[in-house]
Amino acid sequence: MTACIQRKGMLIIISGPSGTGKGTLVKKLMDSDPSITFSCSVTTRAPRVGEMEGVHYHFISEAEYDRLLAQNAFLEHATVHGHRYGTLRAEVRQALERGRNVLLDVDPQGALSVMEQEQDYVSIFILPPSFSALRVRLHTRNTDDPAEIERRLRNARGEVKNIHRYQYAVINDDLELAFVQLQSIINAEKQRTIRFIPTIQE
Ligand code: ADP
Ligand code: 5GP
């Protein structure tokens, strides 16, 4: 009998404009799929109410960030809306080697940078149903002032133009539908033959 064991984890890159619902979808995914490890980024921004060190982010000082940058510790890094963020290369590598599926929630600059460096990844762009819906979501979330919201909307128009650099796109209109589509992509990608090595079971 031939049995297949999973060999290596896959790198899942989720990106899209601010306010499109990445964080909401990623949380649902993490709650439903135990094979996925969330890549906990570092950031120089202050924690928001309810955010925990080592869960949502590693919250570090500007000096510590500079030190990591000098050590080439980041797989990718970017300044996003005035704060610095980075994905820790070693954490991602180690989790992949352990066979974990590793999920990055990164801005489009970071996503494109990882896609340029890596061979094997699954990249998914989350789209809002419209720019007006995106504006409403950014206002409803209540984390940014009106000028900042307009800046994010302007950025969003540029980011959407790069959609064809990603393998998949999901329109987050109805949340449950978007979530099912996201799960379907990940579940299908898990079954690709490149993720398996055949072994003969005695
Ligand atoms: P991002 O992580 O992409 O910046 P969030 O996950 O913070 O976006 O979502 C932005 C806001 O939109 C939040 O208030 C969230 O509750 C809301 N939201 C997310 N998905 C939907 C959806 N499908 N329909 C309506 N509101 C949504
Ligand atoms: P927030 O500060 O609201 O959690 O995240 C702001 C933006 O930063 C989001 O678009 C999020 O995807 C992005 N982000 C979070 N971590 C990283 C990271 O490590 N690298 C990059 N490039 N973007 C990140």
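In listed order, ligands and their atoms are each counted from 1.
Those atoms of ligand 1 that come under 4.0 Å of a heavy atom in S18, given as number and element, are 4 (O). The atoms of ligand 2 that sit less than 4.0 Å from any heavy atom of G110 are 22 (N). With ligand atoms numbered from 1 in the order given, ligand 1 contributes 3 (O) to contacts under 4.0 Å with heavy atoms of P17. Which parts of ligand 2 touch K22 is read off a 4.0 Å heavy-atom cut-off, strictly below it: atoms 10 (O), 12 (O). Atoms of ligand 1 lying under 4.0 Å from at least one heavy atom of L175, given by number and element, are 20 (N), 23 (N). Close approach of ligand 2 to A78 (heavy-atom distance below 4.0 Å) involves ligand atoms 22 (N). The distance from ligand 2 to the heavy atoms of D105 drops below 4.0 Å at these ligand atoms: 11 (C), 12 (O), 14 (N), 15 (C), 16 (N), 17 (C), 24 (C).
Proximity of H56 to ligand 2, defined as any heavy-atom pair under 4.0 Å, is not found for any part of the residue. In D173, the part holding a heavy atom less than 4.0 Å from any atom of ligand 1 is the backbone. Neither the backbone nor the side chain of A178 has any atom closer than 4.0 Å to an atom of ligand 1 (non-hydrogen atoms only). Proximity of R84 to ligand 2, defined as any heavy-atom pair under 4.0 Å, is not found for any part of the residue. Only the side chain of R45 comes within 4.0 Å of ligand 2, counting heavy atoms alone; its backbone N, CA, C and O stay farther away.
A side-chain donor-acceptor contact under 3.5 Å links E51 to the backbone of R48. Listed for the T79 side chain is no donor-acceptor partner under 3.5 Å among the backbone atoms of G82. K22 places a side-chain N or O within donor-acceptor distance of the main-chain N or O of P17, the cut-off being under 3.5 Å.
A salt bridge links D33 with K190; the closest basic N to acidic carboxylate O contact falls under 4.0 Å. Ion pairing between a basic and an acidic side chain is recognised when a charged N comes within 4.0 Å of a carboxylate O; K28 and E176 show such pairing.
Across every non-hydrogen atom of R165 and S123, the tightest pair is O-OG, 4.4 Å.
Y85 and H83 have perpendicular rings, their planes meeting at more than 60° on a 0 to 90° scale where under 30° would count as parallel. Below 30°, between 30° and 60°, or above 60°: for F74 and Y65 the angle between ring planes is between 30° and 60°, a tilted geometry.
Considering backbone and side-chain atoms alike, N172 places an N or O below 3.5 Å from some N or O of ligand 1. For a threshold of 3.5 Å applied to N or O pairs, the pair formed by E51 and ligand 2 contains no separation below that value. Inclusion of T24 in the set of residues having an N or O under 3.5 Å from an N or O of ligand 1 is warranted. At least one N/O-N/O distance between E76 and ligand 2 falls below 3.5 Å.
Side-chain contact of N172 with T20: a donor-acceptor pair under 3.5 Å is absent, judged by distance alone. A donor atom on one side chain and an acceptor atom on the other are found under 3.5 Å apart for T143 and R141. Between the side chains of Y168 and E189, at least one donor-acceptor pair of N or O atoms lies under 3.5 Å. For the residue pair Q117 and S113, a side-chain donor N or O sits within less than 3.5 Å of a side-chain acceptor on the partner.
Protein heavy atom at the shortest distance from atom 7 (O) of ligand 1 is R141 NH1, 2.9 Å. Protein heavy atom closest to atom 6 (C) of ligand 2, with residue, atom name and distance, is Y85 OH, 3.6 Å. Annotation: atom 8 (O) of ligand 1 to nearest protein heavy atom, G21 N, 3.1 Å. The shortest contact between atom 3 (O) of ligand 2 and any protein heavy atom is with R48 NH2, 2.9 Å. From the protein, the heavy atom lying nearest to atom 2 (O) of ligand 1 is G23 N, 2.8 Å. Nearest to atom 7 (C) of ligand 2 among the protein's heavy atoms is V80 CG1, 3.7 Å. The nearest heavy-atom contact from the protein to atom 19 (O) of ligand 2 is S41 OG, 2.6 Å.
Using a 4.0 Å heavy-atom cutoff, T20 is listed among the residues neighbouring ligand 1. Ligand 2 is approached by Y57 to a heavy-atom distance shorter than 4.0 Å. Ligand 2 lies within reach of G86, whose nearest heavy atom is under 4.0 Å from it.
Here D144 contributes atom CG and S18 contributes atom OG; the two are 6.0 Å apart, rounded to the nearest 0.5 Å. Taking CG of D66 as the start and CD of Q71 as the end, the distance is 11.0 Å to the nearest 0.5 Å. Note: I186 CD1 to L29 CG = 4.0 Å, rounded to the nearest 0.5 Å. Interatomic distance, CG of D107 versus NE2 of H81, reported as 7.0 Å (0.5 Å rounding).
Of the listed residues (P129, G19, G16), the one carrying the non-hydrogen atom nearest atom 10 (C) of ligand 1 is G19. Closest heavy-atom approach to atom 21 (C) of ligand 2 within the set T79, T143, D107, T87: this belongs to D107. Between the choices R137, K22, K28, the shortest heavy-atom distance to atom 27 (C) of ligand 1 belongs to R137.
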- Item | Residue pair Q167, I124: steps toward the side chain to side chain contact (heavy atoms under 4.5 Å, CB included) verdict | CA-CA 6 Å; Q167 295 159 325; I124 309 167; over 6 Å; no
